[in-house]
**Q** 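Before anything else, here's the structure in question.
Counting starts at 1 for both ligands and their atoms, following the listed order.
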Amino acid sequence: MFPTHRPRRLRAHPQLRRMVCETVLTTSDLIYPLFAVPGNEIAKEVRSMPGVFQLSIDKIVEEAKEVYDLGIPSIILFGIPADKDTDATGAWHDCGMIQKAATAVKEAVPDLIVIADTCLCEYTPHGHCGYLEVGDLSGRVLNDPTLELLKKTAVSQAKAGADIIAPSGMMDGFVQAVRQGLDEAGFHDTPIMSYAAKYASAYYGPFRDAAESAPQFGDRRTYQMDPGNAREAIKEIELDIAEGADMLMVKPALSYMDVIYRVKEATNLPVAAYNVSGEYAMVKAAALNGWIDEERVVMETLTSFKRAGADLILTYHAKDAARWLAAQS
Ligand code: PBG
Ligand code: ZN
């Protein structure tokens, strides 16, 4: 007996495969993360993230131009301040690193969409994403006082020119607080991309080298989600939608493909996936050892995020992917 149904018929020729391809990755899907540090002419490679650099504002501007010329529509900015304090002053100050970087980038490359990461962990000495009770060594961030700081941070980022605000601290009610702050300050048209389902993940390790934001004690499990939970992600996104989020993010991406899929099924808002630092580091390490084909692994992974339901992908591979996509066409 020969098979009647022969899926291989449609795989016989490259053009035929192109015609029936269900998921196409494009440069428009990519968002490139950048880390702004104080100083001038600084480009310091992150130990655990080959090819990723902490950059001073002048270098951020150069990088932004390159990103734009590659056809990538957007960057997300993280800031590493000169000084840290318990009020996270560097986060909400008008001369903060993200604020300065946003202003400089928008002046040099007005059509590049600048997303500001809105969190406090880079700016506090203890490395937690908000206020702690004095003397607390467990890392139980105080929710509501932290909202006030996030609000202030978002408003100053919008004032500095940020096009999209991305609150990432996983505080309850943070989308509502940020929305209210933006509206009160007249930024009714500034969208919020919420880190809606963000897990307490070991895959953030290299990022904490890059952003110098590792918690000095305790961990983030009282605010970030338990990796075993998927239905809870739907609860989180429902709340964020009700609070006014315009886009939703799932983070990390690779071990949370099912969550990306479920979130996409549950909402019609754009869904972003954050291909995080540890995912990048693993691919880079294997590639540098000659153990995998970096281009093919990266393109397969990014395409898979789209297949799972992501409309947008935040990734440290964005510049490489844009070059590879350009070479294909
Ligand atoms: C914290 C924050 C984290 C990342 C971005 N913002 C994680 C964390 O330290 O808890 C991770 C990004 C990455 O790993 O690439 N607000
Ligand atoms: Zn944080």
**Q** Do Ile241 and Met249 share a hydrophobic cluster (ILVMFWY, side-chain heavy atoms under 4.5 Å, transitive)?
**A**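 As far as the 4.5 Å side-chain criterion goes, Met249 and Ile241 are not connected within one cluster.
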**Q** Linking I/L/V/M/F/W/Y whenever any side-chain heavy atoms sit under 4.5 Å apart, do Met247 and Leu112 land together?
**A**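 They do not share one cluster, since no chain of ILVMFWY contacts under 4.5 Å joins Met247 to Leu112.
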**Q** Check whether more than 12 heavy atoms from other residues, nucleotides or ligands sit under 6.0 Å from atom CZ of Arg47, and answer yes or no.
**A** no
**Q** Please give me the protein atoms (N, O or S only) lying under 2.8 Å from the Zn ion (ligand 2), ordered by chain and number.
**A**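 Sorted hits: Cys119 SG, Cys121 SG, Cys129 SG.
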**Q** Between Tyr274 and ligand 1, which residue portion shows a heavy-atom distance shorter than 4.0 Å: side chain, backbone, both, or neither?
**A** side chain
**Q** With heavy atoms under 4.0 Å as the rule, classify the contact between Ser277 and ligand 1 as side chain, backbone, both or neither.
**A**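 Both backbone and side chain.
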**Q** Please determine whether a side-chain nitrogen of the Lys or Arg among Lys284 and Glu294 lies less than 4.0 Å from a carboxylate oxygen of the Asp or Glu.
**A**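 Here Lys284 pairs with Glu294 in a salt bridge, since their nearest N and O are under 4.0 Å apart.
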**Q** What atoms of ligand 1 come closer than 4.0 angstrom to any heavy atom of Arg220?
**A**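 Checking each atom against Arg220, I get 8 (C), 9 (O), 10 (O).
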**Q** Examine Tyr316 against ligand 1 and note whether any of their N/O atoms are separated by less than 3.5 Å.
**A** yes
**Q** Apply ring pair (Phe, Tyr, Trp, His ring centres under 6.0 Å) to Tyr274 and list each qualifying residue two or more places apart in sequence or on a separate chain.
**A**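 By the ring pair (Phe, Tyr, Trp, His ring centres under 6.0 Å) rule, Tyr274 matches no residue at all.
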**Q** Under 3.5 Å, N or O to N or O, is Gln224 touching ligand 1 that way?
**A** yes
**Q** Starting from atom 1 (C) of ligand 1, what is the nearest protein heavy atom, named by residue and atom, and what distance separates them?
**A**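 It is Lys198 NZ, 3.0 Å.
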**Q** For the OH atom on Tyr203, are there more than 12 heavy atoms of other groups (residues, nucleotides or ligands in this structure) within a distance under 6.0 Å?
**A** no
**Q** Less than 4.0 Å is my threshold; does some heavy atom of Met170 fall inside it relative to ligand 1?
**A**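 No, that is not the case, since the closest heavy atom of the residue is not under 4.0 Å from the ligand.
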**Q** Does the side chain of Gln176 come under 3.5 Å of the side chain of Arg179 through a donor N or O and an acceptor N or O?
**A** no
**Q** Taking CG in Asp83 as the centre, count heavy atoms belonging to other residues, nucleotides or ligands within less than 6.0 Å. Is the count above 12?
**A** no
**Q** Salt bridge or not between Lys198 and Glu236? Use side-chain N to carboxylate O under 4.0 Å.
**A** no
**Q** Between Tyr280 and His317, what is the ring plane arrangement, given parallel below 30°, perpendicular above 60°, and tilted in between?
**A** tilted
**Q** Examine Phe35 together with Phe207 and report whether their ring centres are nearer than 6.0 Å.
**A**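 Close enough - the centres of the two rings lie under 6.0 Å apart.
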**Q** Ignoring hydrogens, just give me the one of Tyr204, Phe78, Tyr223 whose non-hydrogen atom is nearest atom 7 (C) of ligand 1.
**A** Tyr204
**Q** Heavy-atom contacts with Cys119 under 4.0 Å: which atoms of ligand 1 show up? List them by number with element.
**A** 16 (N)
**Q** Numbering the atoms of ligand 1 from 1, which are under 4.0 Å from a heavy atom of Lys251?
**A** 2 (C), 3 (C), 4 (C), 5 (C), 6 (N), 7 (C), 11 (C), 12 (C)
**Q** Cut-off 3.5 Å, side chains only: do Asp87 and Tyr131 have a donor facing an acceptor?
**A**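 Yes.
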**Q** Is there a heavy atom of Cys121 sitting under 4.0 angstrom from any atom of ligand 1?
**A** yes
**Q** Give the atom numbers and elements of ligand 1 that come within less than 4.0 Å of a heavy atom of Arg208.
**A**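 Answer for ligand 1: 8 (C), 9 (O), 10 (O).
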